[in-house]
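Structure record follows, encoded as C-alpha cells.
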Amino acid sequence: MAIVVKNTNYNGEVLEQLLTLAATGNEIVEKGLIMVIPGVEKKISLPRLRSGKMLQKRKENPGVEDSKGNFNYGEKSLDPKDFMAFTVFNPRAFEQIWRKWQPKGNLVFAELPPEAQNALLAELAKQVQFELGDHYINGEYGDDDDHLFNGILTQMAKDTELIIVESEETTMLGKLKAVRASIPKAIRNNPNLRIIMSIDDFDKYDDELTEREAKNASETDVNARRYKGITIETLAAWPDGLIVATLCSMGADGNLFAAVNLQDDENVIQIDKIANASELYFFKMLMKADTNIAFGEETVVLDSRDTPVFRPTAKTISADPTTVTIPAEGGSKDVTVTASGEYTVGAAPAGFEVEETETGVTISAEANDTGNAKSGTLTITLNSDESKTAKITISQANQGA
C-alpha cells in the first residue's frame, strides 16, 4: 500500500503533526520564468511574426512594384499529453503508529481523520509539484511513466535557430562572459532577459566572486544573482554545466511557454474508496501539459557538459539557380532555397515580384514595355546568422528589343 511503515516504535503521543520531507516545487513556474496557458485540451499554436526591412527613399506616387519588406508568419505548437497521479492506501495503517490518527468509528465505517488526510494530501501535492518541475525542464515524451511530455530543454534541442556558444573557458566568469557576448543586441537590455543555470553552477560563480580581492561579498554572504546587470535564475532540476540566456516572463513577452488543461489541475485531487466493499482508499489527479519555446534565435546556450546535447551546427543557405532571367513578355521562375534554419526573403528588385513557397521563392514580372532592360538582386538572409546570405541575380530584357 502507499503507506509504508518503517522503523516505528510507537510509545504514545509525540507531535501534533506529521513531519514531512522538504522538496522543491515547480520552480520554473513559481519563479515566473514561463507563461502557462490554461484551457488547452488538444493543441494550440504559438504564432510567430517577423518582418523584413521596410524603409526606403520617399516616392511621390509609390506603386505595388515599390513595395519593400514582408511579413513572415510561422507557428510552433503546444500539444498537451495526458498523465496522472494515482496512489492507493489503507487508513488502518495508522492504527499501529499513532493513536490520535487511528481511523474513527465502527470498523466497517472507519475513515481516516481529516487532519491525517490533509497531511497526506499536502505531501502528495508537494511531490507532484516537484516531479512536474523536473518534467517541465528535462521531460521527454515516451511510452513509460518516466516520459510524460517534452520539457523546455528537449524542445530547445529540436530548434535549429538556437545561438550555440563555443567556449573553452573553465571558470564561470569566463563562461558567462562568452554567453553575454552572444546575446543579440536587440534583447541584451530587455528587462525580461534571464540567465538560467543550476544551483551548483551558481555556487561556483559565487565562490569565484568571493575569492576576488575586492568589491565582492565576504565568505559569510552570497553575491548578487546577476552578471553585468542580467538576473541569474537557479533551478534545482537544471543540469550542471548548462547555461541558457533567454527572455523569461509569465506573459507573452517571454520565450518559454507551457500549455495545461487547467492552471490548478495539480491541486485538484479526487479521494474515494477503491470499491464499496473495499477498505482501501485512493488519491487521484488528472493532468495535461506540454512546453515549447517561441524563438530559437532569442535563446543563447552554452553546454559544457562532458557529453553536450547542444552542439553548434554549420549555418548555411543557398539558392538554385542563382541567376534568373524572366522573358520580356513576362513570366515566372521558381528558385529552390536550401538553408540550415529559417530565413528572411528581402525586398523584390524594382519591377519584379517575389512570392515565398514551400521550397523557396517564385520570381515573376509582367511584360517589360518600359523601353529599357531591367535587372536587380534578391537577397535571402539566414535568421540565425545574418552574415549568411544567398543572392539571386534577376534580369528581364525589354519587349521588342
Side-chain angles (χ1 to χ4, degrees), residues 23-49 74-85 121-122 124-142 145-159 162 187 190-199 231-239 242 244-270 284-296 298-299 301:
T24 58
N26 189 351
E27 289 183 301
I28 195 169
V29 174
E30 293 168 356
K31 292 186 176 183
L33 304 180
I34 190 170
M35 179 181 181
V36 179
I37 306 171
V40 183
E41 295 185 2
K42 294 295 183 182
K43 188 175 182 179
I44 190 174
S45 294
L46 296 175
R48 308 181 305 161
L49 188 66
E75 292 181 349
K76 283 195 173 181
S77 64
L78 290 164
D79 188 7
K81 309 298 183 185
D82 287 292
F83 54 99
M84 71 175 184
L121 289 173
L124 172 65
K126 186 167 62 174
Q127 178 63 27
V128 166
Q129 288 281 8
F130 173 69
E131 291 186 52
L132 272 178
D134 183 70
H135 284 290
Y136 265 58
I137 295 169
N138 302 301
E140 294 182 42
Y141 183 65
D145 293 343
D146 294 326
H147 299 84
L148 303 179
F149 60 91
N150 288 326
I152 286 295
L153 295 183
T154 301
Q155 300 288 31
M156 278 186 187
K158 300 176 184 178
D159 200 305
L162 295 180
I187 65 171
N190 191 305
N192 290 330
L193 181 62
R194 297 290 185 272
I195 295 174
I196 307 175
M197 65 177 65
S198 72
I199 293 175
T231 299
I232 294 174
E233 297 286 358
T234 59
L235 299 173
W238 199 264
L242 180 66
V244 170
T246 191
L247 301 181
C248 298
S249 170
M250 297 178 68
D253 52 350
N255 197 33
L256 310 181
F257 294 85
V260 296
N261 178 45
L262 291 176
Q263 197 105 22
D264 61 347
D265 271 347
E266 63 267 29
N267 295 314
V268 179
I269 304 173
Q270 180 183 2
K284 182 179 180 181
M285 304 165 65
L286 297 179
M287 289 164 279
K288 284 186 175 184
D290 192 26
T291 68
N292 214 331
I293 65 171
F295 293 102
E298 290 183 351
T299 307
V301 181

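Because the structure is predicted, anything quoted here is derived from the model rather than measured. Quick note: residue numbers are just sequence positions, from 1. We use all heavy atoms of the structure for the numbers below, so side chains are in, but hydrogens, waters and symmetry mates are not.
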Problem set entry | Between CD1 on residue Ile269 and NZ on residue Lys284, distance to nearest 0.5 Å | 13.5 Å
Problem set entry | Nearest non-hydrogen partners of Thr154 and Gly139, listed with the distance | OG1-O, 2.6 Å
Exercise. Are any of the side-chain heavy atoms of Leu148 and Glu131 separated by less than 4.5 Å?
Worked result: no
Exercise. Can you tell me if Asn255 and Thr299 form a side-chain donor-acceptor pair at under 3.5 Å?
Worked result: yes
Problem set entry | Side-chain heavy atoms of Pro239 within contact of Asn138, under 4.5 Å | yes
Exercise. Nearest 0.5 Å, what's the CG-CD1 distance between Asp134 and Ile28?
Worked result: 11.0 Å
Problem set entry | Minimum heavy-atom distance between Lys288 and Asp82, given as atom pair plus value | CE-OD1, 2.7 Å
Exercise. At their closest point, which heavy atom of Ser77 faces which heavy atom of Asn292, and how far apart are they?
Worked result: O-ND2, 2.9 Å
For this session: State the CG-CG distance between Leu242 and Leu153, to the nearest 0.5 angstrom.
Result: 6.0 Å
Problem set entry | Asp290 and Lys43, any side-chain heavy atoms less than 4.5 Å apart | no
Exercise. What's the shortest heavy-atom distance between His135 and Asp146, and which atoms?
Worked result: CE1-O, 3.6 Å
Exercise. Does a side-chain heavy-atom distance below 4.5 Å link Ile137 with Ile152?
Worked result: no
For this session: To the nearest 0.5 Å, tell me how far Leu193 CG sits from Thr246 OG1.
Result: 7.5 Å
Seminar exercise, completed: Closest non-hydrogen contact found for Tyr136 with Thr291 is O-CG2, 4.1 Å
For this session: Check step by step if side chain to side chain contact (heavy atoms under 4.5 Å, CB included) holds for Thr231 and Cys248.
Result: CA-CA 11 Å; Thr231 299; Cys248 298; over 6 Å; no
Seminar exercise, completed: d(Leu247 CG, Arg194 CZ) to nearest 0.5 Å is 9.5 Å
For this session: Report yes if some heavy atom in the side chain of Phe83 is under 4.5 Å from a heavy atom in the side chain of Leu132; otherwise report no.
Result: yes
Problem set entry | Any Thr234 side-chain heavy atom under 4.5 Å of Lys31 side chain | yes
For this session: Give a yes or no answer on whether the side chain of Asn150 reaches the backbone of Tyr141 with a donor-acceptor pair at less than 3.5 Å.
Result: yes
Problem set entry | Distance, nearest 0.5 Å, that separates CE of Met287 from CE of Met84 | 9.5 Å
Exercise. Just by modelled atom types, is the Trp238 backbone N or O under 3.5 Å from a matching donor or acceptor in the Ser198 side chain?
Worked result: no
For this session: Compare all side-chain heavy atoms of Lys76 with those of Ile293 and state whether any distance is below 4.5 angstrom.
Result: yes
For this session: For residues Met156 and Leu162, report the shortest heavy-atom separation together with the two atoms involved.
Result: O-CD1, 3.1 Å
